[in-house]
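Here's the structure we're looking at; comments come further down.
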Amino acid sequence: MKVAFGQQTTKVKQLADLISQDISMGKYKVENALPSINRLSQDYKVSRDTVFKAFIDLKERGIIDSTPGKGYFVVNRQKNILLLLDEYSPFKDTLYNSFVKRLSTKYKVDLWFHQYNESLFNTIIRDSIGRYNKYVVMNFDNEKFSPYLYKIDPSRLLLLDFGKFDKREYSYICQDFGEYFYRAMSQLSARIQHYQKLVLCIAKGSKHPEETSKYFKRYCMDCHVDYSVMENMDELEVRPGEVYIAVRQVDVVEIVKKSRIAGLTCGMDFGLIAYNDTPAYEVIDKGITAMSIDWRKMGAMTADFILSGKRIQVYLPIEIHLRGSL
């Protein structure tokens with residue numbers, strides 16, 4: 001068969017990955033002999049040297065071995081995992097590291113980002129069907145579900161983070177951006193009552209679910225607190241007596257910068273709460289209070305799904321990390 005090799009890496013690496021994929025999907029069984037170098041050279045339309053070097057690569061990974069006079073054989077069926085996330089952020093890095101740390105070398109994780117682009121998301125999913133043992137997918141929207149996901153065996157798919165849509169029998173580890181957000185705000189009520197106004201900073205066009213704004217307004221009305229929703233950070237003025245809830249990390253930085261220009265002290269003159277915790281929030285000023293799910297736990301639970309194959313359906317709670325900014 002003719003294989004279209006891309007330019008993103010060497011032909012040797014691509015051939016090794018292709019053979020590894022065939023092994024993981026059961027085309028070549030453990031302890032069974034692989035086709036000869038000459039046969040694979042003909043099948044994939046590559047040189048014998050390319051096949052030989054691909055075999056060396058696979059031996060170094062511990063996937064195959066060789067015996068003099070008997071050729072190469074499979075010693076370890078590597079399992080391929082697709083990890084499709086929305087976009088890079090420090091807390092996604094925490095998730096990823098927790099995930100891969102829990103897996104053994106038998107698992108090869110392909111990490112992709114779809115950047116909330118529905119077309120790109122559908123292309124990645126469509127092209128990956130049948131190529132992976134398990135699929136871990138962070139959807140491109142909180143309420144819209146791609147029809148391509150229905151083509152994946154439910155026992156092989158885990159949905160992460162977003163998930164207000166009908167998840168059917170699929171496994172999921174998700175956030176609740178509404179009721180759980182309200183509960184997190186309620187935990188901070190004793191601190192919030194010292195301020196005159198709450199401001200939710202959520203940029204217009206943001207992919208953050210709209211239900212957070214809905215439950216923010218509900219909390220403020222229930223607690224009789226003055227509030228506003230800021231969609232354009234360029235128009236924001238940091239004022240004394242106000243608490244700012246920043247969804248994006250870039251907005252946390254912008255608020256701190258503007259407050260310093262205005263001569264205001266975070267945690268004294270005004271309050272600041274960040275959504276999704278990162279290590280940087282522990283050291284900015286006297287620490288930035290954050291509300292966040294446990295991304296490390298999400299990564300560990302994701303790995304457990306891969307290792308055990310057991311169905312899981314859970315919403316992670318939003319935890320409060322109280323620091324000097326509130």
Side-chain angles (χ1 to χ4, degrees), residues 83-99 111-117 138-142 160-162 174-177 180-181 184-185 187-188 191-192 198-213 215-216 228-239 242-262 264-267 270-299 316-326:
L83 179 61
L84 178 57
L85 304 182
D86 44 27
E87 63 182 1
Y88 175 79
S89 62
F91 45 91
K92 302 291 172 53
D93 193 50
T94 298
L95 182 154
Y96 174 77
N97 288 328
S98 175
F99 174 56
L111 175 61
W112 289 77
F113 294 96
H114 56 71
Q115 306 295 336
Y116 298 106
N117 183 310
M138 194 170 282
N139 201 28
F140 61 89
D141 192 277
N142 190 45
L160 291 185
D161 200 20
F162 293 141
C174 291
Q175 290 195 66
D176 183 313
F177 297 92
Y180 282 29
F181 174 82
M185 292 295 297
Q187 293 179 52
L188 295 170
R191 297 288 183 113
I192 289 173
L198 286 176
V199 180
L200 176 63
C201 302
I202 184 164
K204 189 174 183 179
S206 168
K207 296 301 181 179
H208 193 86
E210 293 181 3
E211 62 179 321
T212 294
S213 295
Y215 277 83
F216 167 74
S228 67
V229 177
M230 176 61 64
E231 295 184 339
N232 186 346
M233 289 300 293
D234 292 336
E235 298 177 355
L236 177 69
E237 293 182 23
V238 181
R239 298 186 176 95
E242 297 186 349
V243 177
Y244 302 92
I245 304 171
V247 170
R248 303 184 304 176
Q249 188 174 20
V250 65
D251 295 336
V252 172
V253 174
E254 188 66 18
I255 291 168
V256 171
K257 287 168 64 177
K258 287 187 174 184
S259 71
R260 290 175 178 174
I261 293 173
L264 301 177
T265 301
C266 185
F270 72 97
L272 178 57
I273 304 169
Y275 197 95
N276 286 320
D277 199 22
T278 75
Y281 293 157
E282 297 181 32
V283 297
I284 295 177
D285 285 348
K286 295 180 180 179
I288 304 299
T289 293
M291 56 172 66
S292 178
I293 64 166
D294 188 336
W295 291 97
R296 185 174 287 102
K297 183 177 182 180
M298 178 180 276
L316 294 180
I318 295 178
E319 302 174 354
I320 299 298
H321 302 272
L322 193 60
R323 303 187 181 107
S325 68
L326 191 66

inquiry  = Which residue in the set Tyr244, Tyr275, Phe216 passes side chain to side chain contact (heavy atoms under 4.5 Å, CB included) when paired with Leu200?
reply    = Phe216
query = Are Asp234 and Glu254 close enough, and set up right, to give a side-chain contact (heavy atoms from CB on, under 4.5 Å), and what steps lead you there?
reply = CA-CA 9 Å; Asp234 292 336; Glu254 188 66 18; 5.6 Å; no
ask   = With distance as the sole test, does Thr94 use its side chain to make a donor-acceptor pair with the main-chain N or O of Arg296 at under 3.5 Å?
value = no
query = What is the minimum heavy-atom distance between Val243 and Leu272, and which atoms define it?
reply = CG1-N, 4.5 Å
Non-hydrogen side-chain atoms of [X] and [Y] separated by less than 4.5 Å:
| X | Y | result |
| --- | --- | --- |
| Trp295 | Asp161 | yes |
| Asn142 | Glu211 | yes |
| Lys258 | Leu264 | no |
| Ser89 | Asn276 | no |
| Asp294 | Leu316 | no |
| Leu95 | Leu160 | yes |
| Met291 | Met185 | yes |
| Asp277 | Glu319 | no |

ask   = Between Gln175 and Phe181, is a side-chain contact (heavy atoms from CB on, under 4.5 Å) present by the stated rule, with each step listed?
value = CA-CA 9 Å; Gln175 290 195 66; Phe181 174 82; over 6 Å; no
message = Could you check whether Arg323 pairs with Asp285 (Lys NZ or Arg NE/NH1/NH2 to Asp/Glu carboxylate O, under 4.0 Å)?
response = no
Exceeds 12 heavy-atom contacts within 6.0 angstrom, atom CD of Glu210 = no
Nearest-0.5 Å distance, [atom1] of residue [X] to [atom2] of residue [Y]:
| X | Y | atom1 | atom2 | value |
| --- | --- | --- | --- | --- |
| Leu236 | Arg239 | CG | CZ | 8.0 Å |
| Thr289 | Ile273 | OG1 | CD1 | 6.5 Å |
| Leu188 | Leu326 | CG | CG | 6.0 Å |
| Leu85 | Phe99 | CG | CZ | 9.5 Å |

task = Go through the structure and list residues passing side chain to side chain contact (heavy atoms under 4.5 Å, CB included) with Lys207, not counting sequence neighbours.
result = Tyr116
ask   = Are Ser259 and Phe270 close enough, and set up right, to give a side-chain contact (heavy atoms from CB on, under 4.5 Å), and what steps lead you there?
value = CA-CA 9 Å; Ser259 71; Phe270 72 97; 3.3 Å; yes
ask   = Strictly under 6.0 Å, is that where the ring centroids of Phe162 and Phe177 end up?
value = yes
query = Could you walk me through whether Asp86 and His114 pass the side-chain contact (heavy atoms from CB on, under 4.5 Å) check?
reply = CA-CA 5 Å; Asp86 44 27; His114 56 71; 3.5 Å; yes
key: For Glu242, salt bridge (charged side-chain N to carboxylate O under 4.0 Å, His left out) partners two or more places apart   = none
